[in-house]
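Since the structure comes first, as structure tokens, the remarks are kept for the end.
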There are 2 protein chains.
Amino acid sequence: MPAMPTPPGRKPRKAAPSRRPLTQDGIVAAAVRVLDAEGLDGVTMRRVAQELDTGPASLYAHVSGKDELNELMLDRVAAEVRLPEPDPERWQEQVKEVAREVRRVWQAHADIARVSLAMVPTGANLLRIAEFQLAVMSAGGVPPAAAALAVDSLGMYVDAESVERAMYGTKLGEGASPEEQLHTFISGIRDYYKALPQDRFPHIVAMVDELTAGGGDERFEFGLDILVRGIASHARP
Amino acid sequence: MPAMPTPPGRKPRKAAPSRRPLTQDGIVAAAVRVLDAEGLDGVTMRRVAQELDTGPASLYAHVSGKDELNELMLDRVAAEVRLPEPDPERWQEQVKEVAREVRRVWQAHADIARVSLAMVPTGANLLRIAEFQLAVMSAGGVPPAAAALAVDSLGMYVDAESVERAMYGTKLGEGASPEEQLHTFISGIRDYYKALPQDRFPHIVAMVDELTAGGGDERFEFGLDILVRGIASHARP
DNA sequence: TCGTGATAACGAACGTTGTTCTAAGCTAGG
DNA sequence: CCTAGCTTAGAACAACGTTCGTTATCACGA
């Protein structure tokens, strides 16, 4: 198709290029909107681009790829985590408070914990949280080596628990309410465990109620309690 | 090319239909072979089918889809976990032994821990491990509710640690040895943390060595110690 | 005021992925 | 020996992340 003059009376190409220019921040904000509405698997380059009325190729000028977009989303969401005023006297309770707060924020944004589990924290908002925990533990008498590894273990625990919890909502249909979903899922598991052969799995069958008990908060709280007790056993008095 | 009569003296279609029929077990075994050689992301329907000299569609007669194949792979691999003879006197040490053993097996099979993290255990070999841990903790005096939640927390910790560990190997190039990969990765993180602004992240910068210390085994052992100490604090004496 | 060059935007396309469709082949039962 | 039902498998579908090459835009020096 050789060069052709544009037909008379035809606009240059597209009607209104009133498109405000793309920015990395705008892209990440759009991605988080999609995340909240459709889950992490719903955050595709195409879907984010669509949210911005453009094509997927346009995003690559501001973001190196999907991985970087994931990390930027996580760090943006991590900004919502509120940290208390450090109080060395209450360091154990404060460590728990921060863990609960991170879990709350992760669960407010669908699957995002999956991203946190699969990366080393480098963003400013994530490091801000780690810094707080290191500070409060150090002030509380936990030796540096123990505090460092404790931050790691705590983060892993919060992430893994949030991932499992989020899974219940996505594996089931999106129809019912979150509590309904959780209950349906748990009942299925309970029935399966109850039907197990008692001679091979006596404890599982006997403890089926304990294994499937707790709305999720109880379970989390218990694991948190275990971790903090273990950490405290390494602190000097 | 319309229907043509087969030339005389020619075998029906393919030279030797010595193709032994597909079985679920054979498919899972092939999938695990691919997993070990190329990682979890390398386990695609096409790749597994290729390993069996067939097409991807043929697998769906024996396996409902990718998710089920993942779970079957995990359970097959879980059969390699060896459990000690239960000894209530040493329950804390035995819980740790099993956790170490599971981690060893997970890490012997690339990314497989990712699957474990994303599902509720239902396979016979996975339940066998949970049954053992419940039994030994119960015999050791841990109350049922605590034991049930402890199994959950322990499993999550082992899975999450294995996933993180496996990630170091896959994010970097596949060229160097595992230790080399780990070292390269850790040094990158250390340099980044060292370059952080000291006024905003004083503890991170000060503890950079502790945060990046431990070949991985130390870190895991420490987290395990924390968890078991916490669990033990719930046991009756 | 007019080019002009760097950069952003984007339509189209490539190579993969999981999965389904549909037709052909094989095997067991009458 | 023939037919019913299951297995096999080639082809195709929709969706994914990413890249290519071209077009449009805008700040700035002549």
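Residue numbers begin at 1 in each chain, while the letters A, B, ... track the order of the sequences.
- Electrostatic pairing of Arg104(A) and Glu101(A) counts as a salt bridge here, judged by a charged N lying under 4.0 Å from a carboxylate O.
- Atoms CG (Leu22(A)) and C1' (dC26(D)) sit 16 Å apart, rounded to a whole Å.
- At whole-Å resolution of the value, CG in Leu52(B) and P in dG10(D) are 13 Å apart.
- Between Ser58(B) and the phosphate of dT8(D), there is no side-chain N or O to OP1/OP2 separation shorter than 4.0 Å.
- Taking the nucleotide of DNA chain D with the nearest heavy atom to each of Arg47(A) and Thr23(B), the more 5' of the two is matched to Thr23(B).
- Close to dA9(C), at under 4.0 Å from its OP1 or OP2, lies no side-chain N or O of Thr54(A).
- Between Asp217(A) and Arg100(A) there is no salt bridge, since none of the side-chain N atoms of the basic residue sits less than 4.0 Å from a carboxylate O of the acidic one.
- Checking Ala61(A) against Gly55(A), the closest nucleotide of DNA chain C that is more toward the 5' end is the one next to Ala61(A).
- Residue Gln24(B) contributes atom CD, which lies 15 Å from atom C1' of dT7(D) at whole-angstrom precision.
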Polar atoms only, N or O, under 3.5 Å: list the protein pairs with nucleotides 16-19 of chain C and their distances.
residue: dG18(C); atom: OP1; partner: Lys66(B); partner atom: NZ; Å: 3.3
residue: dG18(C); atom: OP2; partner: Met45(B); partner atom: N; Å: 3.0
residue: dG18(C); atom: N7; partner: Arg46(B); partner atom: NH1; Å: 2.7
residue: dG18(C); atom: O6; partner: Arg46(B); partner atom: NH2; Å: 2.9
residue: dT19(C); atom: OP2; partner: Tyr60(B); partner atom: OH; Å: 3.0
residue: dT19(C); atom: OP2; partner: Lys66(B); partner atom: N; Å: 2.8
residue: dT19(C); atom: O5'; partner: Tyr60(B); partner atom: OH; Å: 3.4

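- Between Lys194(A) and Asp209(A) there is no salt bridge, since none of the side-chain N atoms of the basic residue sits less than 4.0 Å from a carboxylate O of the acidic one.
- Contact annotation: the side chain of Val120(A) never approaches that of Glu164(B) to less than 4.5 Å [non-hydrogen atoms, C-beta and beyond].
- Cation-pi check for Arg103(A) over Phe220(A) is met; the charged atom lies under 6.0 angstrom from the ring centroid and within 45 degrees of its normal.
- Rounded to whole angstrom, the span from the CG atom of Asp53(B) across to the P atom of dG10(D) amounts to 11 Å.
- Atom CG of Leu59(B) and atom P of dT8(D) are 10 Å apart (whole Å).
- For the pair Arg47(B) and Glu51(B), the salt-bridge criterion is met [side-chain N within less than 4.0 Å of a carboxylate O].
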